[in-house]
Amino acid sequence: MSDKTVLNQLLDQINVDTIWERASHICDTWPDRLPGTPGAKEYAEYVADYYRETGLDDVKIHVGMGLLKNPGPADVRLRIGGQEEKLECNANAQCGDTPVGGFSGELVYVGPGGEDDYDGVDAKGKVILTELSYAPPRSEKMRLGMVHGAIAMVIMNWGPETSTSVPYGTSKSVWGNPTPEDEHFMYETIPVFSISKAEGVRLRKLLEAGEKIDVFMNYQQKQGWDPLYLPSGTVKAPDNQSGEFILVAGHMDSWPVGASDNAAGNATAMELARVLNANRDKLSRDVRFLFWQGHEGGQMEGSTWYCDNLWDDLNKHCVMYVNIDAIGLGDGATVLHSEPAFELWNWIHEMNEFAMPGWEKDYCFPFKNADMSFLGIGVPSCYNWIYHTPELRTAWGNATLGLPYHSADDTMDTLDKNLNYYGVRDDAAFVFDLAMRKTLPQDFTVMAAEISKRISEMKEYIQDMPEAQEGLDLDSALAMSRTFEEKAAAVEKIRLAQEASGERNDRLNYLLMRISRVVMPMLTTVTGRFEQDRYGLTGLKYIIPNSVSVLELSKHAEGTHEFYLWLNRARKERNKITDAVDMAIDICDLILSGR
């Protein structure tokens with residue numbers, strides 16, 4: 001950690017009242033700021049003007065193009081017991097259209113909409129009723145529904161069963177803009193509509209009582225390319241010859257009104273930029289501020305565009321990505337949730353305790369959500385927010401991002417100013433600390449141990465399959481991972497000694513970054529460094545997502561056609577693991593040799 005006294009001095013300069021006022025101004029002035037609307041460009045210009053007035057360097061508005069399909073009006077009606085009634089709902093962005101004139105289908109309930117929820121359910125030719133829950137996310141619910149033959153999907157909101165809040169959402173599965181290879185996923189879709197929890201519970205109970213419900217829907221909406229405006233500004237450290245920078249960002253487009261999601265987060269980043277710029281003489285590396293568009297309606301199009309178009313700079317110089325979103329949730333949020341990268345695990349724990357001592361905290365490793373578009377490139381990240389107790393989240397249908405999330409109820413009066421202070425302080429603590437410290441905090445001991453743990457689990461999948469064991473040779477993969485554990489521990493001693501010296505070592509910092517670049521894509525993605533995984537893909541819940549090929553292999557009897565197909569696939573995925581680990585070991589050896 002950098003000097004605690006100096007760090008506290010910087011934290012004390014944060015003005016939460018200013019953050020609150022700016023968030024209110026954003027909500028009042030640009031309540032509708034989705035790409036393709038006038039508010040999108042106006043708001044981006046406002047942010048850029050603020051960066052200039054504050055004194056940031058390299059202020060610009062990047063302009064990319066996004067394939068958008070914002071939701072429009074829909075005619076959705078229910079027929080229950082011979083009576084017709086209108087269904088209050090919001091169409092999902094990027095969902096499929098109905099034929100002109102509409103169509104009808106019988107409603108069936110599939111719970112959260114995961115694969116196991118279809119056991120005993122005939123969804124073919126029907127409209128599925130599911131729950132928001134994010135287990136799995138909307139786009140994966142849609143994909144699974146289509147696999148089982150559903151013609152449309154209705155998603156009930158999370159929250160108490162009495163909640164009448166009708167959410168917005170996006171059901172697109174392609175992360176970022178499509179390419180010729182995955183464009184078909186943009187059109188292989190079904191109509192998707194979101195309804196309130198109260199209405200969803202009513203329909204579920206009617207279905208459980210044996211009532212037949214038919215859903216008529218008529219919906220068409222234009223899809224096309226629109227500009228994405230991404231305002232950027234940099235606080236430059238006075239003697240940063242390495243070019244290293246921290247990327248601090250969050251999405252700026254929101255469903256109306258978007259106070260927690262994400263006006264408060266934007267206002268927080270703007271205040272951090274002010275404080276850092278006023279103290280740039282204390283910094284060891286630059287801090288670059290970016291806001292994304294195409295997050296809500298486009299599914300991370302802005303951050304993906306930036307990753308693709310600033311690839312060389314990010315790959316060479318970006319030491320960390322900090323995502324700021326969902327600041328100041330109300331309704332009694334009391335738990336700090338943290339998703340640090342493997343190599344930042346110990347440092348983020350330390351910073352969270354420093355910034356929020358005595359708070360209940362929970363942790364998980366990073367996974368692909370919330371503009372985490374930089375996992376493939378191998379940039380370590382962290383995404384923190386304060387949410388509710390497990391008991392409340394369970395009672396509210398896994399409402400991890402608060403009750404007003406993605407609805408017209410997400411206004412400033414639903415936020416908690418006191419929680420806003422703590423959330424801001426926590427994000428600021430590790431941004432300020434990393435900006436000032438001479439030595440990067442990357443500790444690869446946790447990463448190496450998790451790889452060994454996952455390979456051991458893979459071995460358990462095939463423990464009774466001798467042919468699979470011989471074909472995959474996971475013993476040698478595990479031995480290599482154990483070597484990485486030993487090397488990582490030795491490198492950590494060198495890193496700590498360098499940190500204690502108070503001197504900067506650009507070579508060491510660069511090599512630490514290179515370990516992240518070669519290992520993280522294997523640990524956190526399916527498609528690797530240069531592509532983006534589809535949103536909500538089930539395999540992404542696993543460390544080393546492609547290791548699920550071994551789990552699939554274990555389901556097929558040895559000697560069968562399917563067994564050999566999956567053995568071939570699993571061996572390729574096993575080789576990706578050892579390739580990344582072997583390169584990491586080589587980099588560790590460079591560090592240990594001092595060359």
Side-chain angles (χ1 to χ4, degrees), residues 1-14 51 54-59 232-249 269 271-290 310 313-322 324 340-341 343-352 354-355 374 378-382 425-444 491-517 591:
M1 184 184 292
S2 59
D3 187 291
K4 289 184 179 180
T5 301
V6 176
L7 184 55
N8 272 318
Q9 288 173 353
L10 265 64
L11 293 174
D12 288 344
Q13 294 176 39
I14 297 171
Y51 287 157
T54 304
L56 272 64
D57 297 302
D58 297 337
V59 176
S232 171
T234 301
V235 177
K236 292 205 168 183
D239 187 28
N240 180 21
Q241 297 181 13
S242 70
E244 292 174 6
F245 68 91
I246 307 162
L247 178 61
V248 179
E271 178 67 2
L272 299 193
R274 182 192 68 80
V275 174
L276 283 170
N277 193 67
N279 294 275
R280 64 167 66 201
D281 61 304
K282 302 178 179 66
L283 305 186
S284 295
R285 55 187 53 84
D286 300 350
V287 184
R288 186 179 301 176
F289 291 87
L290 254 295
L310 278 294
D313 191 20
L314 289 162
N315 186 39
K316 187 86 170 178
H317 300 120
C318 189
V319 300
M320 182 183 181
Y321 170 50
V322 179
I324 299 182
E343 59 268 54
L344 302 181
W345 188 262
N346 292 329
W347 171 65
I348 291 293
H349 274 66
E350 178 187 3
M351 297 311 305
N352 286 342
F354 171 79
F374 307 94
V379 175
S381 61
C382 189
R425 178 180 170 85
D426 185 63
D427 282 335
F430 56 80
V431 172
F432 291 178
D433 181 77
L434 183 56
M436 291 190 291
R437 62 164 55 235
K438 299 289 194 297
T439 303
L440 293 178
Q442 273 88 324
D443 172 1
F444 293 97
V491 165
E492 178 59 8
K493 290 180 181 180
I494 290 177
R495 192 197 67 80
L496 289 172
Q498 182 66 46
E499 189 172 81
S501 75
E503 299 297 322
R504 186 181 180 110
N505 185 331
D506 286 340
R507 173 188 172 278
L508 175 61
N509 286 341
Y510 176 76
L511 292 174
L512 292 173
M513 279 197 291
R514 298 324 298 173
I515 298 176
S516 294
R517 299 298 192 263
I591 294 171

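Note that the structure is predicted; figures quoted are calculated from it, not measured.
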Colleague: Take Val235 and Arg285, measure what side chain to side chain contact (heavy atoms under 4.5 Å, CB included) needs, and give me the verdict at the end.
Modeller: CA-CA 9 Å; Val235 177; Arg285 55 187 53 84; over 6 Å; no

Colleague: Give a yes or no on whether the backbone of Met436 and the side-chain of Ser284 come within a donor-acceptor separation of less than 3.5 Å.
Modeller: yes

Colleague: Any chance you could measure Glu492, atom CD, to Ile591, atom CD1, to the nearest 0.5 Å?
Modeller: 10.5 Å

Colleague: In Å and rounded to the nearest 0.5 Å, what is the CG to CZ distance from Leu7 to Arg437?
Modeller: 10.0 Å

Colleague: Is there a donor in the side chain of Asn279 and an acceptor in the side chain of Gln9, or the other way round, less than 3.5 Å apart?
Modeller: no

Colleague: Report yes or no: do Asp239 and Gln241 form a side-chain donor-acceptor pair below 3.5 Å?
Modeller: yes

Colleague: How are the rings of Tyr51 and Phe289 set to each other: parallel, tilted or perpendicular (split at 30° and 60°)?
Modeller: tilted

Colleague: Nearest 0.5 Å, what's the CZ-CG distance between Arg288 and Leu310?
Modeller: 6.5 Å

Colleague: Ser242 vs Arg504, test: side chain to side chain contact (heavy atoms under 4.5 Å, CB included). Steps then yes/no.
Modeller: CA-CA 10 Å; Ser242 70; Arg504 186 181 180 110; 2.9 Å; yes

Colleague: What distance do Asn352 atom CG and Phe430 atom CZ have between them, rounded to the nearest 0.5 Å?
Modeller: 7.0 Å

Colleague: Decide whether Arg274 and Asn277 meet the rule of one side-chain donor and one side-chain acceptor closer than 3.5 Å.
Modeller: no

Colleague: Set out, in order, the CA-CA distance, both residues' side-chain angles and the distance that settles side chain to side chain contact (heavy atoms under 4.5 Å, CB included) for Glu503 and Gln498, then state yes or no.
Modeller: CA-CA 7 Å; Glu503 299 297 322; Gln498 182 66 46; 3.9 Å; yes

Colleague: Is it true that Asp3 and Lys282 make a salt bridge, defined as a side-chain N closer than 4.0 Å to a carboxylate O?
Modeller: no

Colleague: Counting distance only, does the side-chain N/O of Asn240 pair as donor-acceptor with the main-chain N or O of Glu244 below 3.5 Å?
Modeller: yes

Colleague: Would you sort out whether Leu314 and Phe374 count as a side chain to side chain contact (heavy atoms under 4.5 Å, CB included), showing the intermediate values?
Modeller: CA-CA 9 Å; Leu314 289 162; Phe374 307 94; 3.8 Å; yes

Colleague: If you define the side chain from C-beta out and look only at heavy atoms, does anything of Ile246 sit under 4.5 Å from Phe432?
Modeller: no

Colleague: With rounding to the nearest 0.5 angstrom, report the CD1 to OG1 distance, Ile494 to Thr439.
Modeller: 12.0 Å

Colleague: Look up atom CG in Asn509 and atom CZ in Arg495, then write down how far apart they are to the nearest 0.5 Å.
Modeller: 9.5 Å

Colleague: Do Arg280 side-chain atoms and Pro238 backbone N/O form a donor-acceptor pair below 3.5 Å?
Modeller: no

Colleague: Do Ser516 and Glu343 have side-chain N/O donor and acceptor atoms under 3.5 Å apart?
Modeller: yes

Colleague: Report yes or no: does Arg425 contribute a side-chain atom to a donor-acceptor pair with the main-chain N or O of Ala355 at less than 3.5 Å?
Modeller: yes

Colleague: Using 4.0 Å as the upper bound for N to carboxylate O, is an ion pair formed by Asp58 and Lys236?
Modeller: yes

Colleague: Heavy atoms only: give me the nearest Leu512-Phe444 pair and the separation to one decimal.
Modeller: O-CZ, 3.2 Å

